[in-house]
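Reminder, nothing fancy here: chain letters follow the sequence lines and each chain counts from 1.
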Amino acid sequence: MKIATFNINGIKARIEALPHWLEAARPDVVALQEIKSVDEGFPREMFEDLGWRVETHGQKGFNGVAILSRLPLEDVTRGLPGDESDEQARWIEATVIGEKRAVRLCGLYLPNGNPVSFDADGQPEAVGKYGYKLSWMARMHARAADLLQGEELVVMAGDYNIIPQAEDAAKPEAWRQDALFLPESRAAFRRILNLGFSEAFRLRETGPGHYSFWDYQAGAWERNNGIRIDHLLLSPQAADLLQDVRIDREVRGQEKPSDHVPVWIELDA
DNA sequence: ATGACTTGCTGTGCAAGA
């Protein structure tokens with residue numbers, strides 16, 4: 001089962017590039033982020049005509065996640081539990097029925113968290129957008145712990161807006177005060193990993209120079225000034241079935257690209 | 001470097017992204 005994550009930065013803007021990549025990469029299931037569309041505005045029929053099952057969780061203008069699948073999907077749920085007042089569309093789950101195993105797939109768009117305000121001691125304050133990021137990650141931690149209690153394989157795929165280590169940024173010094181790389185953000189990410197999840201890419205690849213996002217500004221792509229923030233986290237049983245992992249970096253150089261590129265795994269499931 | 005670029009909005013410049 002080939003499972004991908006792709007922050008497309010707007011479904012309308014990627015209406016040609018996304019089908020092009022789907023045809024070339026031929027994943028079985030894809031978690032999409034930043035569809036920037038309400039459910040009724042997503043071009044569902046177009047993807048269904050191409051053979052995809054389509055499940056969306058959108059909102060007007062920003063955010064929004066979706067799952068496209070060639071395999072059957074069951075028990076689709078929308079929204080991250082833990083705060084009924086949270087109206088941002090950043091979490092969707094579905095059980096993907098593989099040839100050998102079922103996989104509980106979570107598609108997520110973790111809050112960016114910028115800008116960050118700092119107190120007189122230079123410590124980041126857990127308020128505003130940064131406070132929302134940290135509280136959202138605490139809710140994700142609780143959901144991730146619950147998922148591990150189930151019998152299904154678990155894959156949590158998406159735009160985490162977390163640079164896990166300095167080697168995951170071309171210029172780590174530029175991100176020291178940024179919500180994507182602050183120690184508190186990375187610690188919250190590690191707390192989720194410490195439940196028993198493995199980050200798929202680092203099971204297979206070591207060292208610097210692997211990125212999944214390049215800013216549109218200042219020639220970031222041409223200078224390879226990137227960061228690695230799109231991840232797939234695997235439960236222990238899922239990690240045991242990992243066969244391959246890849247970042248489709250060449251997508252960033254194609255026509256009218258998103259600022260993110262797809263990341264995918266192959267599971268023996 | 002307060003920049004840059006891209007997206008969606010019911011806009012005519014702005015917020016948000018990372």
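The residue among A:Phe62 and A:Gln59 whose nearest nucleotide of DNA chain B is located toward the 5' end is A:Gln59. Judged by closest nucleotide on DNA chain B, A:Lys36 is the one of A:Lys36 and A:Tyr109 placed further toward the 5' end.
The same atom, P, is picked in B:dG13 and in B:dT2; the two are 26 Å apart, to the nearest Å. Between the P atoms of B:dA1 and B:dA16, the separation comes to 25 Å (whole Å). Distance check on atom C1': B:dA15 versus B:dT10 gives 15 Å, rounded to whole Å. Only the P atoms considered, B:dG3 is 22 Å distant from B:dG8, to the nearest whole Å. Between B:dA4 and B:dC14, the distance separating the two P atoms is 13 Å to the nearest Å. Here the separation of B:dT6 from B:dG11, taken at their P atoms, is 24 Å to the nearest Å.
Scored by the side-chain contact (heavy atoms from CB on, under 4.5 Å) test, A:Lys171 finds A:Glu173, A:Ala174, A:Asn225 as partners (sequence neighbours excluded). Partners of A:Phe62 according to the ring pair (Phe, Tyr, Trp, His ring centres under 6.0 Å) rule, which considers only residues two or more places apart in sequence or in another chain, do not exist here. Taking the ring pair (Phe, Tyr, Trp, His ring centres under 6.0 Å) definition, one finds that A:Phe197 meets it with nothing, sequence neighbours left out. With sequence neighbours excluded, the residues satisfying ring pair (Phe, Tyr, Trp, His ring centres under 6.0 Å) with A:Trp221 are A:Trp214. Considering only residues two or more places apart in sequence or on other chains, A:Ala25 meets the side-chain contact (heavy atoms from CB on, under 4.5 Å) condition with A:Lys2, A:Trp21, A:Pro27, A:Asp248. A:Tyr211 is linked by a ring pair (Phe, Tyr, Trp, His ring centres under 6.0 Å) to nothing, counting only residues two or more places apart in sequence or in another chain.
A:Asp178 comes within contact range of no nucleotide atom at all, as no heavy-atom separation falls under 4.0 Å. Counting non-hydrogen atoms under 4.0 angstrom, A:Asn225 reaches nothing in the nucleic acid. Counting any heavy atom pair closer than 4.0 Å across all strands shown, A:Asn9 reaches sugar-phosphate atoms only and no base atom. Among the atoms of the strands shown, none is found under 4.0 Å from any heavy atom of A:Lys133. At a threshold of 4.0 angstrom between heavy atoms, the contacts of A:Asn63 with the nucleic acid are absent.
Using a 4.5 Å cut-off between side-chain heavy atoms of Ile, Leu, Val, Met, Phe, Trp and Tyr, A:Ile97 forms no hydrophobic cluster with any other residue.
The ring of A:Phe42 has its center closer than 6.0 angstrom to the ring center of A:Phe47.
Nucleotides of DNA chain B with any atom under 4.0 Å from a heavy atom of chain A span, from 5' to 3', B:dA4 to B:dA18.
If you check the side chains of A:Asn7 and A:Asp230, you find no donor sitting under 3.5 Å from an acceptor.
Sorted by residue number, the members of residues 10-23 of chain A with any non-hydrogen atom under 4.0 Å from DNA chain B read A:Gly10, A:Lys12, A:Ala13, A:Arg14.
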